[in-house]
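A quick write-up on the structure given underneath.
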Amino acid sequence: MTGSSPRGKNAGLPRAYPQTKRTDHVDTYLNKNGEVKVHDPYDWVEQETDERSGWLDKQGEHTQTFIEKFEYREKVKAELTKNWDFSRFSYPRLAKDGRWYWNYNSGLQAQYILFRSKTSELPKFDVDGDEGPEAHAEVFFDPNLLVEDGTAYLATSAFSKDGRYFAYGISLSGSDFFTIYVRESSKPFNKRPEGGFLNDPDRLPDVIRFVKFSTIVWTHDSKGFFYQRFPERVEHGSAAEDKAGTETTSDENAAIYYHVLGTDQSQDILVYKDEQNPSWLFGIGTSEPDGRFIELYISKDTSHKNKLYMAELGTDGDITSKVRNLKWHKIVDDWEGEYSVVSNHERKHFVITDKDAPRKKVVTFEMPEGDPTENSEPTKFEEFIPEDRDGGILSSMSPVNGKSFVAQYSRNVCDELYVVSSTGQFNRLDPNFVGTLSAAPKQEDDFFFATFSGFNNPGVIKQFRFKEKGVDSFEGHTWTTWRKTRVKGLLADEFNTKQVWYKSKDGVDVPMFIVWHKDTPLDGTAPAIQYGYGGFSYTMRPFFSVSFLTFVKAFKGVLAVPGIRGGAEKGEQWHLDGIRENRVKVYDDFIYATKYLVDNKYAAPGKVAINGGSNGGTLVAACINRAEEGTFGAAIADVGVMDLLKFPQFTIGAAWVSDYGDPRDPNDFDFIKAYSPLHNVPNFKEKALPPTILLTADRKLSHLLRDPCVPHPLIQPATDDDRVVPLHSFKHIATLQHEQHGNRHPMLLRVERKSGHGAGKSTEKAIQEATDKWSFVALVLELSWKGE
């Protein structure tokens, strides 16, 4: 069976896959020498047709039939369900209505519920007891009541500055598109309206559509908010129809608008757009706590370099009229760095930037006065907090208690938390902590909460409180535990975690975390899951995963998470070292992580299953093409970008050229084609690929999942994925099955219904996906159940 050789007289019969049509279609590209013809035999799966739907049904049935062979599949599902069933929650936030708000999931609920306190006091409870603050609170907004199958979720939300209104974006079936609605905070959403959530009698008539990659930013008079939207799309139908995100149209002509409460969207005020650059994206913010200044962020791609424009809105008068006549000061008008405003003290603004500082620093500038057309002086920046000399990477900085700050650094892929005075004096909290943390203080609050987590720590929330409100002093503060997360099936002391550094192909040192169960044999016989990303300056910090830990415990295995190039584990230069022509270094880093695990007896040869999602799915597909035969035992690629010659044509793909290169540019074409997963699948006669499954999503499919029910990849696309469109996985599985004909190792496709790129996935779907992934891995690696 699958653990045996993929070839030879004992390999058994070649696998029989659903028949897939091949065409003679050829695309024409340009490289530095002229025209290049590229055969694309599966271009027909780019379009949604009855033929494609029928083909996907057969692929899904084929995959499910294979996975269901695993004798412990139901045991895997039961263990995942048991381990997933624990209370999860966020830290509380104090809104201007005087209530405390936090997200909560009792365990197996599809989506988190937004709770709030009944009074202005944060509910008191026994931190070490079984009862949480929910017993003394009320449900404010329950997304599980939006649709019956739990596939609608809150994409974003924001309270108005006076606390009277709650604006919220609802996404259906995992789409990146969402629609914004508004309700008074005095009217909770805690019961399902007759006829669906669009018939909710308690919400306001405002309906804001075609919103994507956007936050909701209220002006401080609480009369309206800014947002980013795209032009109207007929394919989306009405707001009541679940059609948004099913198209593959390129996302162009984004614009920032301002919506005045009580008006129709057609009357919204255009704040900013750039018709000369239709692929650019925008973000907007306001200064806190007065809302006096407006910040506009302009990005041409995902390169972490942006322009920064600012305008003065003031704090009095008719804000709506001022929005119509904003005059933008071009604080930064080039692409030489990343700039993000932290806060302001009057006209003095604090900004995080990586300009001339790959690990980031904080600078200040004075907001110019008067008409920007009459003041063209370049912005003068002064250094406030220099780049850390000892390798610390500044991850975030936020104002708190007037003029103090909370700063988060990453050093050796572990987070550090500091309270910083207005003069730049640092005071570290919990210096012995190893893991990941997050905090979101507000300038007007004299307290903040922070969440601490790690590979074997599901989360502890602590509260810091200054001695005096508005006094910039660390002295006399309190620092107490507010709440602890408890997972009954996965105990912290069951697992060990270690960070190692290994040599990549070119001799560069790469960090990697290794997690194993206390009963896992470290003698070179254990199976391993190796998870990676390696792109877009994203850092793989320690994370708690029920899915991964359940596998590690059930099969006495290992989880390995290398911080490969392309990410920001060592700062922005680490990212730049793994883009464009250097993408191959990312793949070599990942391949050499597997070699380290085997050479140092953390894992058995041929028993390392590699996994990654989105860009990580691309990583997995590229690595099995590039590595020596037998390096990996299995490959699981979630929602990957596989056709690197066509990715700019679909949805938001054009924004990724900063990392991948631009196949439309003759200077980039050759190096992109050389590592594009789709165009480098080896023929079975040259090399046998390991058992592989791709994951994606398509809500149009009727019966791919016989068991209707977390985020990581087989080849598994989501047919509703409107970020990495599922056609990438469709074309890639067809190519794998054709080129690897004769290979006894399975090449499978798992398609999820009513899911997108991963955001907002219901708990049931997450459990079902994890069940299928680990059943696939255990089956092809011939693993036996070793759980309790």
Side-chain angles (χ1 to χ4, degrees), residues 1-6 10-12 15 63-84 455-456 487-491 493-496 514-531 545-560 594 597-598 600-611 630-636 688 690-693 707 709-710 712-714 716 743-748 750 767-788:
M1 130 63 99
T2 47
S4 58
S5 169
N10 296 322
R15 305 199 66 81
T63 296
Q64 211 62 31
T65 298
F66 179 84
I67 291 175
E68 288 175 355
K69 292 179 181 178
F70 184 51
E71 61 179 312
Y72 301 113
R73 182 169 178 269
E74 289 305 314
K75 220 168 187 176
V76 170
K77 183 178 181 180
E79 193 72 7
L80 283 164
T81 302
K82 180 188 75 174
N83 292 341
W84 227 290
F455 287 112
N456 61 352
V487 184
K488 296 179 180 178
L490 301 168
L491 303 180
D493 59 6
E494 286 186 285
F495 300 93
N496 298 306
I514 302 175
V515 183
W516 66 94
H517 189 266
K518 63 181 181 180
D519 295 330
T520 296
L522 299 181
D523 58 1
T525 63
I529 301 294
Q530 181 179 309
Y531 184 71
S545 169
V546 169
S547 176
F548 284 131
L549 292 185
T550 298
F551 175 90
V552 169
K553 181 176 180 178
F555 299 103
K556 299 303 179 281
V558 169
L559 167 65
T594 302
L597 294 174
V598 173
N600 290 274
K601 298 189 180 300
Y602 286 102
K607 289 289 181 76
V608 178
I610 57 173
N611 182 208
T631 299
F632 308 118
I636 309 165
T692 301
I693 181 168
D707 296 320
C709 277
V710 156
H712 310 295
L714 320 185
Q716 168 171 331
N743 187 349
R744 195 162 181 253
H745 291 161
M747 305 289 144
L748 303 178
R750 182 187 188 275
I767 292 173
Q768 186 59 52
E769 178 182 302
T771 298
D772 286 351
K773 285 170 67 169
W774 306 141
S775 294
F776 171 82
V777 170
L779 183 60
V780 299
L781 297 186
E782 298 183 340
L783 304 181
S784 298
W785 181 268
K786 295 181 179 179
E788 296 175 0

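When reading the values below, keep in mind they use all heavy atoms of this one structure, side chains included, and skip hydrogens, waters and symmetry mates. Worth saying up front: this structure is predicted, and the values here are computed from it rather than measured. Sequence positions, counted from 1, serve as the residue numbers for this chain.
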inquiry  = Please determine whether salt bridge (Lys or Arg N to Asp or Glu O under 4.0 Å) holds for the pair Glu79 and Lys82, giving the CA-CA distance in whole Å, both sets of side-chain angles, and the decisive distance to 0.1 Å.
reply    = CA-CA 5 Å; Glu79 193 72 7; Lys82 180 188 75 174; 3.3 Å; yes
inquiry  = Quick one, Tyr72 with Leu783, criterion side-chain contact (heavy atoms from CB on, under 4.5 Å). Give me CA distance, side-chain angles, the key distance, then yes/no.
reply    = CA-CA 10 Å; Tyr72 301 113; Leu783 304 181; over 6 Å; no
inquiry  = side-chain contact (heavy atoms from CB on, under 4.5 Å), that's the test. Do Trp84 and Ser547 meet it? Break it down for me.
reply    = CA-CA 8 Å; Trp84 227 290; Ser547 176; 4.3 Å; yes
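- A perpendicular orientation is assigned to the rings of Trp785 and Phe555, their planes being inclined by more than 60° (bins at 30° and 60°).
- Ring centers of Tyr531 and Phe548: under 6.0 Å apart, within the cut-off.
- With rounding to the nearest 0.5 Å, the separation of CD in Glu74 from OG in Ser775 is 8.5 Å.
- Between Arg73 and Thr771, some side-chain heavy-atom pair lies under the 4.5 Å cut-off.
- In terms of heavy atoms, Leu490 sits closest to Leu549 at CD1-CB, 3.9 Å.
- Inter-residue side-chain proximity for Phe551 and Leu559 is flagged as unmet; no heavy-atom pair is nearer than 4.5 Å.
- Gln530 contributes a side-chain N or O that, together with a main-chain N or O of Thr594, makes up a donor-acceptor pair within less than 3.5 Å.
- Within the 4.5 Å cutoff, side-chain heavy atoms of Asp772 are placed close to those of Gln64.
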task = I would like to know whether Ile514 and Leu597 meet side-chain contact (heavy atoms from CB on, under 4.5 Å); could you show each step before the answer?
result = CA-CA 9 Å; Ile514 302 175; Leu597 294 174; 3.9 Å; yes
request  = Evaluate side-chain contact (heavy atoms from CB on, under 4.5 Å) for Arg750 paired with Lys773, printing each intermediate quantity in order.
outcome  = CA-CA 9 Å; Arg750 182 187 188 275; Lys773 285 170 67 169; 5.8 Å; no
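- Leu781 approaches Gly606 most closely through the heavy-atom pair CD2-O, 3.6 Å.
- Distance CD/Glu68 to OG1/Thr63: 11.0 Å, rounded to 0.5 Å.
- Side-chain contact between Asp523 and Lys601: absent, with no pair of heavy atoms (C-beta onward) separated by less than 4.5 Å.
- For Asn456 against Phe495, the heavy-atom pair with the smallest separation is ND2-O, 3.6 Å.
- Residue Val780 comes nearest to Gly633 through the heavy atom pair CG2-O, 4.4 Å, listed as atom of the first residue, atom of the second, then distance.
- By the side chain to side chain donor-acceptor pair (under 3.5 Å) test, Thr550 is found to be paired with Asn83, residues two or more places apart in sequence or in another chain being considered.
- Only one option out of Lys553, Lys518, Lys556, Lys488 pairs with Glu494 in a salt bridge (Lys or Arg N to Asp or Glu O under 4.0 Å); it is Lys553.
- Across every non-hydrogen atom of Phe776 and Ala635, the tightest pair is CE2-O, 4.2 Å.
- Side-chain atoms of Thr520 come within 3.5 Å of backbone atoms of Gly557 as a donor-acceptor pair (strictly under, hydrogens ignored).
- The aromatic rings of Tyr602 and Trp516 lie tilted to each other, with the angle between the two planes from 30° to 60°.
- Nearest heavy atoms, Val598 versus Ala604: CG2-O, 4.0 Å.
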